[in-house]
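Scroll down for the structure; my scribbles are underneath it.
Heads up: numbering here begins at 1 and tracks the sequence. As a basis for the values below, the full set of heavy atoms in this structure was taken, side chains included, without hydrogen atoms, waters or symmetry mates.
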Amino acid sequence: MKIQEFRDKIKQCKKEDVEKIAAELYKMLPKSKKESEADQLIEDIISGKAITQASNKKKAPVIEFSGLKYQIELFLEYVDNGYYFAPNRVVPKAKRSKWRFEVKNFIKMINEIPADGEHGAESALLLRGIYKRLAYGCGYYTFTSEDPFQSIGIRQPDFYSMLVSRTFASGFTDENLKNMLEDATLVFTDLNSLHIELEVIYVAAIPTSDLKYKVIEYIKEYVLKYETSLKLDKKKHSNNTYWTKEHIEELCRTMLLISLSLCEPDKAISYFWKHVREKNKEVILFKMLYTIGSYDNYKLWIRVYEDALKKGIVPRESLEEKYRELTNKSN
């Protein structure tokens, strides 16, 4: 008979029958078992102590944060040293391909830490450390995988969203706002994600207009920094130059998204035209209209398109088709 069947039968018994069954079962126990376990268990049940102990066992174990922090920081150090990709004597070959299980476990343990608790801010920084290594691994080999986010089964936008929530739980400080801006715009993306997905998450997480205006100022500072770097870069066609231009573009896109959320797009549109580095102005138009389209602001889309025509820009066929579609809807 299984324990559940036994319990069901007991429930059907009268009080005196339960007492008889208990007495008979007690008699069957060896004397040593009675003295070592049964007698104490009976006393604990009568006093209510056993119920308390059972409920305590169900509670999730408390995570020892300092130990977790040490493990994650050691992992990040090993990643930075290339120990999970290149041959070395620190991380055994068999363990290098299992890095994703370590990361999954780290994320699970971090998520069990209250984001607004004692270790909330530190746990967010640890999560950010993992995120940045995975993102870097989308551009350069640091793991035995071309797409680290896919390896752990989490799309980059989903990981970023988790990071944003945990980071801002400790406040919308200058550091937190800048860190999350960088992690949306100044990182490599996985094979199935776009920067704009990260940027939309970031903008949606900023709750007030004042904070959004503050971020716009941060963006201007970053763009100035990168444009100064381009002026000093003597290698005009280097890999570094390419990525610097990409960073500027994503920062300008984020400014436009913020301005769209504020219903004040005009200054951001002018800024986009001025700072996005493309020789072909039609390419800038395409990128700008794509960003505006993500907010379903079709009146603005039409206006920007028509302004571009007045400047002599000839849009690609797909934009012409989109324009005809939108103008037909508005008529």
Review point. Quick one: OH on Tyr226 to CD on Glu246, what's the gap to the nearest 0.5 Å?
Key: 12.5 Å
Point to revise | Close side-chain approach of Glu199 and Glu250, heavy atoms under 4.5 Å | key: yes
Point to revise | CZ-CE distance between Phe272 and Met255, expressed to the nearest 0.5 angstrom | key: 11.0 Å
Review point. Taking the six-membered ring for Trp, are Phe159 and Tyr131 ring centroids under 6.0 Å apart?
Key: yes
**Study point:** Taking every non-hydrogen atom, the tightest pair across Val91 and Lys95
**Key:** CG1-CB, 4.1 Å
Exercise for review: Please round to the nearest 0.5 Å and tell me the distance separating atom CD1 of Ile269 and atom CG of Leu289.
Suggested key: 9.0 Å
Exercise for review: Verify the distance criterion only: is there a donor paired with an acceptor across the side chains of Arg96 and Thr144 at less than 3.5 Å?
Suggested key: no
**Study point:** Contacts of Arg277 that satisfy side chain to side chain contact (heavy atoms under 4.5 Å, CB included) - sequence neighbours left out
**Key:** Glu227, Leu230, Lys245
Review point. Any chance the rings of Trp99 and Tyr84 have centres within less than 6.0 Å?
Key: no
Check your understanding: Between the side chains of Thr241 and Ser238, does any donor sit under 3.5 Å from an acceptor?
Key -> yes
Identify every side-chain donor-acceptor pair in residues 182-192 under 3.5 Å, counting partners at least two apart or on other chains, and give the distances.
{"from": "Glu182", "atom 1": "OE1", "to": "Arg128", "atom 2": "NH2", "distance (Å)": "3.4"}
{"from": "Glu182", "atom 1": "OE2", "to": "Tyr222", "atom 2": "OH", "distance (Å)": "2.5"}
{"from": "Asp183", "atom 1": "OD1", "to": "Arg128", "atom 2": "NE", "distance (Å)": "3.4"}
{"from": "Asp183", "atom 1": "OD1", "to": "Arg128", "atom 2": "NH2", "distance (Å)": "3.2"}
{"from": "Asp183", "atom 1": "OD2", "to": "Arg128", "atom 2": "NE", "distance (Å)": "2.7"}
{"from": "Thr185", "atom 1": "OG1", "to": "Leu181", "atom 2": "O", "distance (Å)": "2.8"}
{"from": "Asp190", "atom 1": "OD1", "to": "Asn192", "atom 2": "N", "distance (Å)": "2.9"}
{"from": "Asp190", "atom 1": "OD1", "to": "Ser193", "atom 2": "N", "distance (Å)": "2.8"}
{"from": "Asp190", "atom 1": "OD1", "to": "Ser193", "atom 2": "OG", "distance (Å)": "2.7"}
{"from": "Asp190", "atom 1": "OD2", "to": "Gln156", "atom 2": "N", "distance (Å)": "3.0"}
{"from": "Asp190", "atom 1": "OD2", "to": "Ser193", "atom 2": "OG", "distance (Å)": "3.1"}

Revision key, fill the gap. Rounded to the nearest 0.5 angstrom, the OH-CG distance for Tyr298 and Asp296 is 4.0 Å
Check your understanding: Is Asp158 reaching over with its side chain to a backbone N or O of Ile154, donor-acceptor style, under 3.5 angstrom?
Key -> no
Which donor-acceptor pairs under 3.5 Å do side chains of residues 208-215 form with protein atoms, sequence neighbours excluded?
{"from": "Thr208", "atom 1": "OG1", "to": "Leu211", "atom 2": "N", "distance (Å)": "3.3"}
{"from": "Lys212", "atom 1": "NZ", "to": "Ser261", "atom 2": "OG", "distance (Å)": "3.2"}
{"from": "Tyr213", "atom 1": "OH", "to": "Glu264", "atom 2": "OE1", "distance (Å)": "3.0"}
{"from": "Tyr213", "atom 1": "OH", "to": "Glu264", "atom 2": "OE2", "distance (Å)": "2.9"}
{"from": "Lys214", "atom 1": "NZ", "to": "Asp174", "atom 2": "OD1", "distance (Å)": "3.3"}

Review point. Nearest 0.5 Å, what's the CG-CD distance between Leu134 and Gln150?
Key: 12.5 Å
Point to revise | Interatomic spacing from CD1 in Ile72 to CD1 in Ile110 - rounded to 0.5 Å | key: 4.0 Å
Check your understanding: With a distance cut-off below 6.0 Å to the six-membered ring centre and an angular limit of 45° from the axis, does Lys311 pair with Trp273 as a cation-pi contact?
Key -> yes
Check your understanding: Under 3.5 Å, side chain of Tyr202 to main-chain N/O of Leu177, donor-acceptor pair present?
Key -> yes
